[in-house]
A.B. asks: 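Okay, handing you the structure first.
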Amino acid sequence: MAEIVSKDMVASVHYTGTLPDSGDEFDSSIDREPLTFLVGHGQMIPGFEEEIMGAKVGEKREFTLTPERAYGARDEEAMMSIPRSQFAQLEESAKLEVGTQLVAQMPHGPAPFTITELDEENVTADFNHALAGKSLTFSVEVIELRSATSDEIAHGHAHGPEGHHHH
Ligand code: ZN
């Protein structure tokens, strides 16, 4: 039986992601190695996996995901105003601008955010994923498929295209 994208397979894919409204490309693997992941273990955004289930090596699929099936809706509660003085040390070596992406050290771990406003007093930080609230179009080609090793299934992630990557 030919192998298809299904749970506990390791898939390597090339993909290009664009914003359906503008056509702008936000990410692509084309100039890199294919993206390798373990199918069915939450490594990918949910809609991405669902849309390529059943695909064979060499098959290409194009689909558009609503935000709910991609990075989720934007959460306006995830905006925070932080006194600019807290960035004083950072500003000695880096320039703060609208659009700058930084990582805050929070009690539960690192939290990336984007600066959406800044003035003399305050920095407005948006902790939403940059692609939250957006529909996303993906063009995907399946490059390789293999069964996952028992280690990979136990760890919940792929160990590279050959399954030999140790970490
Ligand atoms: Zn592992």
A.B. asks: Hey, does Pro112 have a side-chain heavy atom less than 4.5 Å from the side chain of Gln101?
C.D. replies: no

A.B. asks: Any idea which heavy atoms bring Ala125 and Ile82 closest together, and the distance?
C.D. replies: CB-CD1, 3.9 Å

A.B. asks: In the hydrophobic clustering (ILVMFWY, side-chain contacts below 4.5 Å, transitive), which residues join Met79, or is it alone?
C.D. replies: none

A.B. asks: Closest approach of Pro20 and Thr137, non-hydrogen atoms and distance?
C.D. replies: CB-OG1, 3.5 Å

A.B. asks: Ignoring hydrogens and angles, tell me if any N or O in the side chain of Ser6 forms a donor-acceptor pair with the backbone of Ile4 under 3.5 Å.
C.D. replies: yes

A.B. asks: Measuring from Leu136:CG to Ile45:CD1, what's the distance to the nearest 0.5 Å?
C.D. replies: 6.0 Å

A.B. asks: Check the orientation of His159 and His157. Use parallel for under 30°, tilted for 30 to 60°, and perpendicular for over 60°.
C.D. replies: tilted

A.B. asks: Output every pair passing salt bridge (Lys or Arg N to Asp or Glu O under 4.0 Å) with a member in residues 12-29, not counting sequence neighbours, ordered by first then second residue.
C.D. replies: Asp27-Arg32

A.B. asks: Nearest 0.5 Å, please: how far is CD in Glu91 from OG in Ser85?
C.D. replies: 10.0 Å

A.B. asks: Once rounded to the nearest 0.5 Å, what's the spacing between atom CD of Glu3 and atom CD of Glu144?
C.D. replies: 10.5 Å

A.B. asks: In Å and rounded to the nearest 0.5 Å, what is the CG to CD distance from Asp75 to Glu77?
C.D. replies: 6.0 Å

A.B. asks: Does the distance from a Lys or Arg side-chain N to an Asp or Glu carboxylate O, for Lys60 and Glu62, drop under 4.0 Å?
C.D. replies: no

A.B. asks: Assess whether side-chain contact (heavy atoms from CB on, under 4.5 Å) is satisfied between Val5 and Leu145, documenting all intermediate values.
C.D. replies: CA-CA 7 Å; Val5 176; Leu145 280 172; 3.8 Å; yes

A.B. asks: How many angstroms lie between atom NZ of Lys134 and atom CG of Leu65, to the nearest 0.5 angstrom?
C.D. replies: 14.5 Å

A.B. asks: Find out whether Asn122 and Glu117 are in side-chain contact, i.e. whether some heavy atom of one side chain is under 4.5 Å from a heavy atom of the other.
C.D. replies: no

A.B. asks: Has Arg69 got a side-chain atom pairing as donor or acceptor with Glu50's backbone, closer than 3.5 angstrom?
C.D. replies: no

A.B. asks: Kindly give the heavy-atom pair with the smallest separation between Phe138 and Gly17, and that separation in Å.
C.D. replies: CD2-CA, 3.9 Å

A.B. asks: Before accepting this row, confirm whether a basic side-chain N of the pair Glu76/Arg74 lies closer than 4.0 Å to the acidic partner's carboxylate O.
C.D. replies: yes

A.B. asks: In sequence, state the C-alpha distance, the side-chain angles, and the governing distance for Thr116 and Val98, and then conclude on side-chain contact (heavy atoms from CB on, under 4.5 Å).
C.D. replies: CA-CA 5 Å; Thr116 55; Val98 169; 5.5 Å; no

A.B. asks: Taking all heavy atoms of Glu59 and all of Gly54, pick out the closest pair and write down the distance.
C.D. replies: OE1-O, 4.3 Å

A.B. asks: Side-chain donor-acceptor contacts of residues 7-14 below 3.5 Å, not counting sequence neighbours, with atom names and distances?
C.D. replies:
{"unit_1": "Asp8", "atom_1": "OD1", "unit_2": "His41", "atom_2": "NE2", "d": "2.7"}
{"unit_1": "Ser12", "atom_1": "OG", "unit_2": "Thr36", "atom_2": "OG1", "d": "2.8"}
{"unit_1": "His14", "atom_1": "ND1", "unit_2": "Ser29", "atom_2": "O", "d": "3.3"}
{"unit_1": "His14", "atom_1": "ND1", "unit_2": "Ser29", "atom_2": "OG", "d": "2.7"}

A.B. asks: Report yes if the side chains of Asp126 and Phe113 come closer than 4.5 Å at any heavy-atom pair, otherwise no.
C.D. replies: no

A.B. asks: Cluster question for you: counting only ILVMFWY and a side-chain heavy-atom cut-off of under 4.5 Å, with indirect links fine, are Val142 and Phe37 together?
C.D. replies: yes

A.B. asks: Go through the steps to decide whether Tyr15 and Ile30 satisfy the test side-chain contact (heavy atoms from CB on, under 4.5 Å), and finish with yes or no.
C.D. replies: CA-CA 7 Å; Tyr15 68 94; Ile30 298 302; over 6 Å; no

A.B. asks: I'd like to know whether CD of Glu33 has more than 12 heavy-atom contacts from other residues, nucleotides or ligands below 6.0 angstrom.
C.D. replies: no

A.B. asks: Is Arg84 salt-bridged to Asp119, cutoff N-O under 4.0 Å?
C.D. replies: no

A.B. asks: Has the side chain of Glu51 got a donor or acceptor atom that lies under 3.5 Å from a matching backbone atom of Phe48?
C.D. replies: no

A.B. asks: Mind listing the closest non-hydrogen atom pair of Ile115 and Leu102 along with its distance?
C.D. replies: CD1-CD1, 4.0 Å

A.B. asks: Closest heavy-atom contact between Thr64 and Ser135?
C.D. replies: CG2-CB, 4.3 Å

